[in-house]
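Proteins get letters first, then strands, A, B, ... in listed order; numbering begins at 1 in each. Every value quoted in this text rests on a predicted model; they were computed, and no experiment measured them.
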Amino acid sequence: MAEAARLGRDFFAHPTLEVARALLGQRLVRLRDEYRLSGLISETEAYIGEEDQACHARAGRTPRTQIMYASPGHAYVYFTYGIHWCLNFVTEREGFPAAVLIRGIAPVEGVEVMRARRGRPDSILANGPAKLTQALDIDGRLNGLDICDPQALLFVEAAPSAPDEAVRRSPRVGMGDTPEPWRSIAWNFRWKYPQEIFPGG
DNA sequence: AGGACGATTAACT
DNA sequence: GTTAATCGTCCTG
């Protein structure tokens, strides 16, 4: 089976809500020396501009948010709660801070390695933003990576998009004291894929 | 310089 | 449902 095409910059150079929706079903791939880890993206969330009071860029350009102002197709990997790493892909255009948070994947390749890394049941191997980064060995070393670079060891491969009837939209998770309308706006996208194919989604 | 809190998770009761 | 873990980031003074 030939390697599928990596998604290029054009895929990410669109309105963030469109990119977040289009990513459902695409294959997130992490290459290591000896093996390949991958999964189909099952949940995403959009963070759009300095006005979005849930977006890290609400504070403007800072050392942390600088990468969100880069050209689309860059990885924004941030550290939170003193423990966890979360993965985003920069969208839209250079100079405008926006990104899609990857919140879940359905493991496909390297499941044994993910099991070993996570030490948890398969049903909850990678169904959370900080779970998938642990399963795929993604951390701050990958912050700022251009995932459209053909040499990159983290990228997204083209795959059939999730069908419309299986996509659900809801408010973003973990909004805490975020003011309205940002707290309740439905910028979370989830693929309700068949349980019999990928338990735990 | 100090403190509150976080785009979370897992282990409790 | 509640809470600890654990520290970078950002805001206040």
Side-chain angles (χ1 to χ4, degrees), chain A residues 12 15-24 28 30 39 41-70 72-92 96-107 114-145 147 154 156 167-191 199-201:
Chain A
F12 300 95
T16 307
L17 296 177
E18 293 178 14
V19 178
R21 163 64 182 87
L23 277 169
L24 296 178
L28 179 63
R30 175 74 164 116
I41 295 172
S42 60
E43 186 182 352
T44 61
E45 233 163 53
Y47 290 86
I48 310 174
E50 296 179 351
E51 307 308 309
D52 176 359
Q53 291 303 296
C55 180
H56 288 164
R58 65 185 179 276
R61 270 188 204 257
T62 68
R64 179 172 70 153
T65 63
Q66 174 174 310
I67 192 62
M68 295 188 76
Y69 294 78
H74 283 81
Y76 166 40
V77 183
Y78 71 89
F79 184 61
T80 191
Y81 290 101
I83 313 174
H84 303 300
W85 295 97
C86 295
L87 171 68
N88 299 253
F89 296 132
V90 176
T91 58
E92 308 218 12
F96 182 82
V100 174
L101 170 68
I102 307 301
R103 288 193 58 90
I105 63 171
M114 295 187 210
R115 267 188 210 121
R117 288 189 53 78
R118 293 266 305 140
R120 317 251 47 176
D122 286 7
S123 61
I124 57 170
L125 262 190
N127 63 338
K131 297 182 188 181
L132 70 92
T133 57
Q134 184 180 356
L136 301 185
D137 194 21
I138 291 166
D139 61 23
R141 294 170 297 175
L142 296 177
N143 188 40
L145 178 75
I147 67 161
L154 175 71
V156 184
V167 174
R168 299 285 181 280
R169 284 183 65 159
S170 61
R172 294 174 291 184
V173 176
M175 289 298 95
D177 293 326
T178 300
E180 297 292 359
W182 315 111
R183 177 206 257 299
S184 300
I185 197 165
W187 285 358
N188 173 291
F189 295 78
R190 182 172 169 145
W191 175 25

State, with a plain yes or no, whether a side-chain heavy atom of A:Val167 is found less than 4.5 Å away from one of A:Leu24.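 A side-chain contact exists here, since the closest heavy-atom pair is under 4.5 Å.
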Heavy-atom side-chain contact between A:Trp187 and A:Tyr47 under 4.5 Å: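 Sidechains of A:Tyr47 and A:Trp187: no contact.
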A:Ala54 near the nucleic acid: base, sugar-phosphate alone, or nothing, with a heavy-atom cut-off under 4.0 Å?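 Here A:Ala54 touches the bases of the nucleic acid.
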Mind checking A:Arg183 for me? I need base, sugar-phosphate or nothing, with any heavy atom below 4.0 Å counting as a touch.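 Contact class for A:Arg183: none.
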Quick one: [X] [atom1] to [N] [atom2], roughly how many Å, whole number?
{"X": "A:Tyr76", "N": "B:dG6", "atom1": "OH", "atom2": "C1'", "result": "11 Å"}
{"X": "A:Tyr78", "N": "B:dT8", "atom1": "OH", "atom2": "P", "result": "6 Å"}
{"X": "A:Arg118", "N": "B:dA10", "atom1": "CZ", "atom2": "C1'", "result": "9 Å"}
{"X": "A:Trp187", "N": "B:dA7", "atom1": "CH2", "atom2": "C1'", "result": "13 Å"}
{"X": "A:Glu43", "N": "B:dT8", "atom1": "CD", "atom2": "P", "result": "10 Å"}
{"X": "A:Gln53", "N": "B:dA7", "atom1": "CD", "atom2": "C1'", "result": "14 Å"}
{"X": "A:Leu87", "N": "B:dT8", "atom1": "CG", "atom2": "P", "result": "14 Å"}
{"X": "A:Arg172", "N": "B:dT8", "atom1": "CZ", "atom2": "P", "result": "11 Å"}

Using the [atom1] atom in both, what is the distance from [N] to [M], to the nearest Å?
{"N": "C:dT6", "M": "B:dG2", "atom1": "P", "value": "23 Å"}
{"N": "B:dA4", "M": "C:dA4", "atom1": "P", "value": "16 Å"}
{"N": "C:dG1", "M": "B:dA7", "atom1": "C1'", "value": "22 Å"}

For A:Val90 versus A:Ile67, what's the shortest heavy-atom pair and its separation?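 That closest heavy-atom pairing would be CG2-O, 3.4 Å.
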Step by step, work out the side-chain contact (heavy atoms from CB on, under 4.5 Å) result for A:Leu132 and A:Leu125. CA-CA 7 Å; A:Leu132 70 92; A:Leu125 262 190; over 6 Å; no
Does B:dA11 have OP1 or OP2 sitting under 4.0 Å from an N or O in the side chain of A:Arg120?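 For B:dA11, OP1 or OP2 has a side-chain N or O of A:Arg120 closer than 4.0 Å.
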Counting only side-chain N and O atoms of A:Arg58, is one of them less than 4.0 Å from OP1 or OP2 of C:dC10?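 So the side-chain polar atoms of A:Arg58 never come under 4.0 Å of the phosphate oxygens OP1 or OP2 of C:dC10.
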Does a sphere of radius 6.0 Å around CD in A:Glu51 hold more than 12 heavy atoms from other residues, nucleotides or ligands, not counting ones at 6.0 Å or beyond?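 No, CD of A:Glu51 has 12 or fewer neighbouring heavy atoms, counting only those of other groups under 6.0 Å.
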Please tell me which of the listed nucleotides, B:dA7, B:dT8, B:dA10, lies nearest to the side chain of A:Val173?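 Taking heavy atoms from C-beta onward, the closest nucleotide is B:dT8.
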Whichever of A:Gly128 and A:Gly176 has its nearest DNA chain B nucleotide further upstream toward 5':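 Closer to the 5' end of DNA chain B: A:Gly176.
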Any donor-acceptor pair under 3.5 Å linking the side chain of A:Ser184 with the backbone of A:Pro181?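 Judged by distance alone, no pair lies under 3.5 Å.
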Which pairs, protein N/O on one side and nucleotides 3-9 of chain C N/O on the other, fall under 3.5 Å?
{"residue": "C:dT6", "atom": "O2", "partner": "A:Tyr81", "partner atom": "O", "Å": "2.2"}

Angle class for the A:Trp85/A:Phe79 ring planes (parallel below 30°, perpendicular above 60°, tilted otherwise)?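 Aromatic pair A:Trp85/A:Phe79 classed tilted.
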